[in-house]
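Since this is a predicted model, take the numbers as computed values, not measurements. Worth knowing before you read on, the calculation uses all heavy atoms, side chains too, and leaves out hydrogens, waters and symmetry mates. Proteins come first, then strands; the chains are lettered A, B, ... in the order of their sequence lines, and each starts at number 1.
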2 protein chains.
Amino acid sequence: MKKENISLKQLAKTLNLSVSTVSRALNDHPDISEATKQKVKTLATKLNYTPNLFAKGFRQKKTNIIGVVVPNITHYFTSTILKGILEEATLKGYKVIISESNNDAEKQIEMLNTMLQFNVDGILMSISKVTRKVDRILKVIDRVPVILFDKASNKIPCSQVVINEEEAAYNAIEHLINIGKTRIAIIKENEYSYNSERRFSGYLRALKEHNIEVDEKIIISVDDISLRQGKRMANLLLSLKTRPDAIFAITDSAAIGVIQTLKKFNIKIPKDIAVIGFSNSLSSTIIEPMLTTIDQPGEKIGATAVKYLIEDIENPNELTNKTIEIKGNLIIRDSTFKAY
Amino acid sequence: MKKENISLKQLAKTLNLSVSTVSRALNDHPDISEATKQKVKTLATKLNYTPNLFAKGFRQKKTNIIGVVVPNITHYFTSTILKGILEEATLKGYKVIISESNNDAEKQIEMLNTMLQFNVDGILMSISKVTRKVDRILKVIDRVPVILFDKASNKIPCSQVVINEEEAAYNAIEHLINIGKTRIAIIKENEYSYNSERRFSGYLRALKEHNIEVDEKIIISVDDISLRQGKRMANLLLSLKTRPDAIFAITDSAAIGVIQTLKKFNIKIPKDIAVIGFSNSLSSTIIEPMLTTIDQPGEKIGATAVKYLIEDIENPNELTNKTIEIKGNLIIRDSTFKAY
DNA sequence: CTGAAAGCGCTTACAG
DNA sequence: CTGAAAGCGCTTACAG
């Protein structure tokens, strides 16, 4: 019912050549005469021959497939990274298999193992939040090149492609200081999270370098940095004896929740309280006032990760464990602009 | 350097059995004795044996890989569909290869052909806007089961999973009529687009069934239904002698652009002009007033598409060309609520 | 109940 | 310059 693919064998038969010769002709092997090459190629295009990449991969122990594991594909930032991965991979002749871990450590390992079973040439992964034990991930690294992106871990010895989280956060806080803010709150993550920790470091460094005292009361930690939590934490901050005059939420959604709450209490943004988020999500330009935030170049991260992975794949004997930082850019909008 | 996978051969050798027996034992073939099965399985788990799915697929002419082609992975709706696809596919033991067509007809075909070269068992695709000639797509359908989702086409004979666009739009317009609106504008797509046409049909039917005259002046067509275009078209509608009292934009982003413009002119929403979008994007709850819109259950669409595709894959002789409609739900929010 | 052999579609060292 | 043969890791009809 379904049409069959034509194989080298069939080409060989109709041309009265051996399969080997046909294979070599198609691959432009120097041994083959121009005449034969022409003949073979003509027939191949005429019959619309396409090599069975599966068989080829099987033979060469190279599948040209890259496996990708991400916590959640629907996060806008993740989807832009994936776009970059797809583009760069396609350009280099690789296909991409994508899996979601849903922030579930068990599922993450399961996905990784299936990838291995499908003989992917390499794996790109953004580790899930709940990754405590990395021993099973280390086993995977033994088998195939792996590159981590976005969420890094110093427990996993492989190259990593990340945003300059610390510096970007530093710049954000410095911007707040430059517009006259001195009592800057941060809403960060509760549990250990690479991104959150790095951003928090940047926050601390900025305060320190500008001689602003750190006040634990305005350092807020929550489990999930969601819009809902942003609202709740804004309420909490407003209830303090001395309110902050700026709030840095380490995600846009929390920042948007903060803005919504401030507006409810008729607090002037940015005059009374300025707000900064992180990630330049689509909604950051829909909220009023528009949110100052840090743009994370997702496509660039994805493309870079692919480049390094392919390098590792093609030179398996000189694996290096670099950490590549991609710059995130502060985008100044109305939630911090013209503060006074 | 990298560890090798262990093969059936190695298991066979250490157990002094033939490869055939080991293979059968692992697959619970009835011919094999319980004792042997036990022995084999014990060693397999001990050595952490995982079958090479690639070799298996190669042999069985079945790869358990599904190919997916979408115009743009970063569209939120698309990413929710992909989530549904990934979940359902994983559940059924399939892997998913994803490609972007970027709304480029050439690239779309190219992707489809690479999928074929990788011997995918079936293809799920959302056709790009600019798909005029479908003849090359028809060739693909000859080779492997294909299911279309979101954007359908009656020129392509295969099953299709879509939103009940017409009915959903009808419901949206009827809702506007119910809150007292009688002069309802629509912002739709210029070029032929399945979604746009169906939504427009629903619009027309609702007006007709409620005896509201159609006025061409408030039927606006644009090339891309973006936020920017929403703003421009809102300006245009406001410049009319008799303004509409409601605007149905066939995408959320256009609707959000409309709202922003209406606010700029201090027009009361929904009292003066009500606004409805389509797709329940994340931003639709960030804009003020929150946007009434139609929720498209992306994950359900994805999961359904996978189910039908696997059915086609496993019963290649009884392919049916059904069109499955998934219901979109009208979500009433402030942009139309309490209109008077 | 178990094994030897063929074959899936390719590539490649070896031979001529 | 071309071909015969082996082999990638599996499954499965055939034989015993």
Colleague: Could you give the CG-to-P distance, from A:D31 to C:dA13, as a whole number of Å?
Modeller: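 Going from A:D31 (CG) to C:dA13 (P), I get 11 Å.
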
Colleague: Nearest whole angstrom, please: distance from the P of D:dA4 to the NZ of A:K9.
Modeller: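 So the NZ-P distance, A:K9 to D:dA4, works out to 14 Å.
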
Colleague: Apply salt bridge (Lys or Arg N to Asp or Glu O under 4.0 Å) to A:E106 and list each qualifying residue two or more places apart in sequence or on a separate chain.
Modeller: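 Expected list: A:R136.
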
Colleague: Does a side-chain N or O of A:Q60 approach OP1 or OP2 of D:dG7 to a distance below 4.0 Å, or not?
Modeller: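 Answer is no, no contact under 4.0 Å.
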
Colleague: Where do B:V162 and B:D150 come nearest, in terms of heavy atoms and distance?
Modeller: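 Minimum heavy-atom contact is CG1-O, 3.6 Å.
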
Colleague: Can you list, in residue-number order, the parts of residues 32-49 of chain B that come under 4.0 Å of DNA chain C, counting heavy atoms only?
Modeller: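 Hits under 4.0 Å, by residue number: B:I32, B:S33, B:T36.
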
Colleague: Counting only side-chain nitrogens and oxygens, does A:K61 get under 4.0 Å of the OP1 or OP2 atom of D:dG9?
Modeller: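 Result: yes.
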
Colleague: Judged by atom type as modelled, is there a donor-acceptor pair below 3.5 Å linking the side chain of B:S159 to the main-chain atoms of B:K322?
Modeller: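 Pair found, side chain donor or acceptor close to backbone of B:K322.
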
Colleague: Could you check how far CG of A:L26 sits from C1' of C:dT12, rounded to whole Å?
Modeller: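 Checked: the CG to C1' distance equals 15 Å.
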
Colleague: OP1 or OP2 of D:dG9 less than 4.0 angstrom from a side-chain nitrogen or oxygen of B:Q10, does that happen here?
Modeller: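 Indeed not, no polar side-chain atom of B:Q10 lies that close.
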
Colleague: Which helical stems does DNA chain D take part in, if a stem means at least 3 consecutive Watson-Crick or G-U pairs with both distances below 3.5 Å?
Modeller: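 Stem list for DNA chain D: C:1-3 with D:14-16, C:5-12 with D:5-12, C:14-16 with D:1-3.
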
Colleague: Using atom CG of A:L8 as one end and atom C1' of D:dA4 as the other, report the distance to the nearest whole Å.
Modeller: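 Nearest whole value for this atom pair: 15 Å.
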
Colleague: Does anything in residues 17-24 of chain A reach DNA chain C, meaning a heavy atom under 4.0 Å, and if so which residues?
Modeller: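 Those residues are A:V19, A:S20, A:S23, A:R24.
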
Colleague: Donor-acceptor pair, A:T63 side chain versus A:N119 backbone, under 3.5 Å?
Modeller: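 Confirmed, A:T63 side chain pairs with A:N119 backbone.
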
Colleague: Measure the distance from NZ on B:K62 to C1' on D:dC10 and round it to the nearest whole Å.
Modeller: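 Roughly 15 Å, once rounded to whole Å.
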
Colleague: Strictly by salt bridge (Lys or Arg N to Asp or Glu O under 4.0 Å), give each pair with a member in residues 41-50 of chain A just once, sequence neighbours left out.
Modeller: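 For residues 41-50 of chain A: A:D28-A:K41.
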
Colleague: Check whether A:Q160 reaches the backbone of A:I324 with its side chain - one donor and one acceptor, N or O, closer than 3.5 Å.
Modeller: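 Not at all, since once roles are kept as given, no pair shorter than 3.5 Å links the two residues.
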
Colleague: Taking atom NZ as the centre, does A:K107 end up with more than 12 heavy-atom neighbours from other residues, nucleotides or ligands that are less than 6.0 angstrom away?
Modeller: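 Enclosed.
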
Colleague: Please report, rounded to the nearest Å, how far the P atom of C:dC8 is from the CZ atom of A:F58.
Modeller: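 It is 13 Å, rounded to the nearest whole Å.
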
Colleague: Can any side-chain N or O of A:T42 pair as donor or acceptor with the backbone N or O of A:Q38 at less than 3.5 Å?
Modeller: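 Side chain of A:T42 to backbone of A:Q38: a pair is present.
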
Colleague: Write down the distance between CD (A:Q117) and C1' (D:dC10), rounded to a whole number of angstrom.
Modeller: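 Those two atoms, CD and C1', are 13 Å apart.
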
Colleague: Where the side chain of B:T114 meets the backbone of B:E110, is there a donor-acceptor pair that is under 3.5 Å apart?
Modeller: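 Judged by distance alone, yes, a pair lies under 3.5 Å.
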
Colleague: Could you list all the salt bridge (Lys or Arg N to Asp or Glu O under 4.0 Å) pairs where at least one residue sits in residues 78-104 of chain B, not counting sequence neighbours?
Modeller: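 Non-adjacent pairs meeting salt bridge (Lys or Arg N to Asp or Glu O under 4.0 Å): A:K83-B:E100, A:E100-B:K83, B:E88-B:K92.
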
Colleague: Heavy-atom count around A:F77 CZ within 6.0 Å, excluding the residue itself: above 12?
Modeller: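 Yes, because the 6.0 Å sphere around CZ of A:F77 holds more than 12 heavy atoms from other groups.
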
Colleague: Is any side-chain nitrogen or oxygen of A:K56 closer than 4.0 Å to OP1 or OP2 of D:dC8?
Modeller: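 Indeed not, no polar side-chain atom of A:K56 lies that close.
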
Colleague: Between D:dT12 atom P and B:H29 atom NE2, what is the distance in whole Å?
Modeller: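 Rounded to the whole Å, the gap is 9 Å.
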
Colleague: Which class fits the ring pair B:F58 and A:F58: parallel under 30°, tilted 30 to 60°, perpendicular over 60°?
Modeller: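 It falls in the tilted class, 30° to 60°.
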
